[in-house]
Amino acid sequence: MADQGARRLPKYQRIAAALRQAIQDGEYGPGDRLPGENDLMAAYQVARMTARQALGVLQTEGIVEARKGAGVFVRSYRPIRRRGVPRLSSASWGSGRSIWSGDIEDRTLVVDRLEVAQRPAPGPVAELLGVPEGEPVRVRSRRYVLDGKPVLFSVSYLPAELVAGTSIESEDTGPGGTYARLTELGHRPVRFREEIRSRMPSVEEAERLDLAPGTPVVLICRTAFTAEGRAVEVNEMTLDSASYVLEYEFEG
């Protein structure tokens, strides 16, 4: 019965299923090139559009990626394990390390598209920071590129009255980053709240993160609070979902 159901599938789906199985069986490993359109046309006696649709299915699923002028390749998947609780410990940023240091291990991280500006606080951000909507806040936006692949775009909003004229307005905030500088200013973050959701990306988000078609994004909004309960930063992050494992460990 299963074979009969498979035979009722469109040809391009049957070809995609065969390629998917070959990848799962190890016939094609990470970084290997799959048969091209011409190869599939000859092997399955199908039209070019059918072969193209079959490869497109696997691209949409995030299993493979197309490289312009080179072909379609099995994706190399070495996920970033984002450990949500320990990465925010003051033992990390308080000692001068980046909160990214535990995520990337021995991999090469580059921060680009860095911009520091003053902008009106959007409504949701203003509410979290406890300031009037439209009030000027300091905004730090940056893109993180790991092993040559964009994986995250981050925008931080901070109250202007706390950080104006400080190194937090510099491109390089120094050892330990923003949280270490807030601590030096007397506004030490001691509590964090993260809200997580997922959706398909906008055109701009897909361009920023160089996303393969069909790849969702994960949205994380983190708010940092002082011991007095004041919100001192709102960080809106857009993650390439195919690049991450989100790990949270709690004691019951």
Chemist: Nearest 0.5 Å, what's the CG-OG1 distance between Leu129 and Thr223?
Modeler: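 Going from the CG atom of Leu129 to the OG1 atom of Thr223 covers 7.5 Å.
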Chemist: Mind checking who shares a hydrophobic cluster with Phe73, ILVMFWY linked at side-chain heavy-atom distances under 4.5 Å?
Modeler: none
Chemist: Applying side chain to side chain donor-acceptor pair (under 3.5 Å), can you list everything that pairs with Gln21, at least two apart in sequence or on another chain?
Modeler: Asp25
Chemist: Taking the side chain from Ser241 and the backbone from Pro216, do they hold a donor-acceptor pair closer than 3.5 Å?
Modeler: yes
Chemist: Assigning hydrophobic clusters by single linkage (Ile, Leu, Val, Met, Phe, Trp, Tyr; side-chain heavy-atom cutoff under 4.5 Å), is Tyr44 placed with Leu58?
Modeler: yes
Chemist: Test side chain to side chain contact (heavy atoms under 4.5 Å, CB included) on Gln53 and Ile15; report intermediate values, then the result.
Modeler: CA-CA 9 Å; Gln53 286 178 307; Ile15 297 170; over 6 Å; no
Chemist: Could you list the residues that satisfy side chain to side chain donor-acceptor pair (under 3.5 Å) with Ser202, not counting sequence neighbours?
Modeler: Glu205
Chemist: So do the side chains of Leu246 and Arg83 get within less than 4.5 Å of each other, counting heavy atoms only?
Modeler: no
Chemist: Give a yes or no on whether the backbone of Glu37 and the side-chain of Arg48 come within a donor-acceptor separation of less than 3.5 Å.
Modeler: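 Not at all, since once roles are kept as given, no pair shorter than 3.5 Å links the two residues.
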Chemist: If you group Ile, Leu, Val, Met, Phe, Trp and Tyr whenever their side-chain heavy atoms sit less than 4.5 Å apart, what else falls in with Val57?
Modeler: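 Via sub-4.5 Å side-chain contacts, Val57 links to Tyr12.
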Chemist: If I compare all heavy atoms of Pro175 with all of Ala180, which pair ends up nearest, and what's the gap?
Modeler: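 What the structure gives for the nearest pair is O-CB, 3.6 Å.
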Chemist: Does Leu146 share a hydrophobic cluster with Val110, counting links as ILVMFWY side-chain heavy atoms below 4.5 Å and allowing steps through other members?
Modeler: no
Chemist: Who are the side chain to side chain contact (heavy atoms under 4.5 Å, CB included) partners of Glu161, not counting sequence neighbours?
Modeler: Pro159, Arg230
Chemist: Checking Arg188 now: which residues fulfil side chain to side chain donor-acceptor pair (under 3.5 Å) with it, not counting sequence neighbours?
Modeler: Ser90
Chemist: Compare every heavy atom of Val217 with every heavy atom of Ser198, then report the nearest pair and how far apart it is.
Modeler: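 The pair with the smallest heavy-atom distance is OG-O, 3.0 Å.
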Chemist: Taking the hydrophobic residues Ile, Leu, Val, Met, Phe, Trp and Tyr, and joining any pair whose side-chain heavy atoms are under 4.5 Å apart, which ones share a cluster with Met200?
Modeler: none
Chemist: Any side-chain heavy atom of Glu194 within less than 4.5 Å of one from Tyr248?
Modeler: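 A side-chain contact exists here, since the closest heavy-atom pair is under 4.5 Å.
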Chemist: Hydrophobic clusters here meaning ILVMFWY residues chained together by side-chain heavy-atom distances under 4.5 Å, can you tell me if Val218 and Tyr244 are in one?
Modeler: yes
Chemist: Return yes if a side-chain donor-acceptor contact under 3.5 Å exists between Arg140 and Asn235, otherwise no.
Modeler: no
Chemist: Which atoms form the tightest heavy-atom contact between Asp240 and Thr215, and what is the distance?
Modeler: OD1-CG2, 3.4 Å
Chemist: Within a 6.0 Å radius of atom CD on Glu247, are there more than 12 heavy atoms belonging to other residues, nucleotides or ligands?
Modeler: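 Yes, enclosed.
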Chemist: Taking the side chain as C-beta and beyond, is there a heavy-atom pair between Leu209 and Thr238 under 4.5 Å?
Modeler: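 They are in side-chain contact.
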Chemist: For Leu162 and Leu185, which heavy atoms make the closest approach, and how far apart are they?
Modeler: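 Heavy atoms only, the tightest pair is O-CD1, 3.7 Å.
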Chemist: Hey, is CD on Glu249 packed in by over 12 heavy atoms from elsewhere, all under 6.0 Å?
Modeler: no
Chemist: Taking only residues two or more places apart in sequence or in another chain, which ones pass side chain to side chain donor-acceptor pair (under 3.5 Å) with Asp172?
Modeler: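 For Asp172 there are no side chain to side chain donor-acceptor pair (under 3.5 Å) partners, ignoring immediate neighbours.
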Chemist: Return the CG to CG distance between Leu152 and Leu239, rounded to the nearest 0.5 Å.
Modeler: 4.5 Å
Chemist: Are Leu182 and Met237 in one and the same hydrophobic cluster, where Ile, Leu, Val, Met, Phe, Trp and Tyr link if side-chain heavy atoms are under 4.5 Å apart?
Modeler: yes
Chemist: Specify the closest pair of heavy atoms between Leu128 and Cys221, including all atoms of both residues, with the distance to one decimal.
Modeler: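 Nearest pair, atom of Leu128 first, then Cys221: CD1-SG, 4.0 Å.
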Chemist: Does anything in residues 137-178 form a ring-ring contact (aromatic ring centres under 6.0 Å, His included)? List the pairs, not counting sequence neighbours.
Modeler: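 As it turns out, the ring-ring contact (aromatic ring centres under 6.0 Å, His included) pairs with a partner in residues 137-178, which skip direct neighbours, are Trp100-Tyr144.
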Chemist: Give me the atom names and distance for the closest heavy-atom approach of Leu158 to Val137.
Modeler: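 The answer is O-CB, 3.4 Å.
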Chemist: With a 4.0 Å cut-off on N to O distance, would you call Arg81 and Asp103 a salt bridge?
Modeler: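 Looking at Asp103 together with Arg81, the answer is no, because their closest N to O distance does not fall below 4.0 Å.
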Chemist: Just verifying a value: how many Å separate Arg20 CZ and Leu34 CG, rounded to the nearest 0.5 Å?
Modeler: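 Going from the CZ atom of Arg20 to the CG atom of Leu34 covers 11.5 Å.
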Chemist: Mind checking whether Leu55 and Leu40 have side chains closer than 4.5 Å, heavy atoms only?
Modeler: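 Heavy-atom side-chain distance check passes, below 4.5 Å.
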Chemist: Please check if the side chain of Ser89 supplies one atom and the backbone of Pro86 the other of a donor-acceptor pair under 3.5 Å.
Modeler: no
Chemist: Strictly by ring-ring contact (aromatic ring centres under 6.0 Å, His included), give each pair with a member in residues 176-209 just once, sequence neighbours left out.
Modeler: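 Counting only pairs at least two positions apart or across chains, the ring-ring contact (aromatic ring centres under 6.0 Å, His included) contacts touching residues 176-209 are Trp93-Tyr179, Tyr179-Phe192.
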Chemist: List, one per line, each side-chain donor-acceptor pair under 3.5 Å for residues 112-121, sequence neighbours excluded.
Modeler:
unit_1, atom_1, unit_2, atom_2, d
Asp112, OD1, Arg143, NE, 2.9
Asp112, OD2, Arg143, NH2, 2.8
Arg113, NH1, Glu207, OE1, 3.3
Arg113, NH2, Glu207, OE2, 3.1
Glu115, OE1, Arg119, NH2, 3.3
Glu115, OE2, Arg119, NH2, 3.4
Gln118, OE1, Arg138, NH1, 2.4
Gln118, OE1, Arg138, NH2, 3.3

Chemist: Using residues 65-72 as the side-chain source, report each donor-acceptor pair under 3.5 Å to any protein atom, sequence neighbours left out, with the distance given to one decimal.
Modeler:
unit_1, atom_1, unit_2, atom_2, d
Glu65, OE2, Arg67, NH2, 3.4

Chemist: Applying side-chain hydrogen bond (donor to acceptor under 3.5 Å, both in side chains) between Ser156 and each of Arg222, Glu236, Arg142, report the one that passes.
Modeler: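 Of all the options given, the one that passes is Arg142.
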Chemist: Say whether, by atom type as modelled, one donor and one acceptor occur between the side chain of Thr50 and the main chain of Val46 under 3.5 angstrom.
Modeler: no
Chemist: Are Val74 and Leu19 connected, step by step, through hydrophobic side chains (Ile, Leu, Val, Met, Phe, Trp, Tyr) whose heavy atoms are closer than 4.5 Å?
Modeler: yes
Chemist: Tell me, please, whether Phe225 has Arg191 positioned over its six-membered ring: NZ or CZ under 6.0 Å from the ring centre and within 45 degrees of its axis?
Modeler: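 Yes, Arg191 lies over the aromatic ring of Phe225.
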Chemist: Could you please spell out the steps behind the salt bridge (Lys or Arg N to Asp or Glu O under 4.0 Å) verdict for Arg181 and Glu169?
Modeler: CA-CA 11 Å; Arg181 304 291 80 76; Glu169 293 189 307; over 6 Å; no
Chemist: Under 3.5 Å, is there a donor-acceptor pair between the side chain of Lys11 and the main chain of Ala54?
Modeler: no
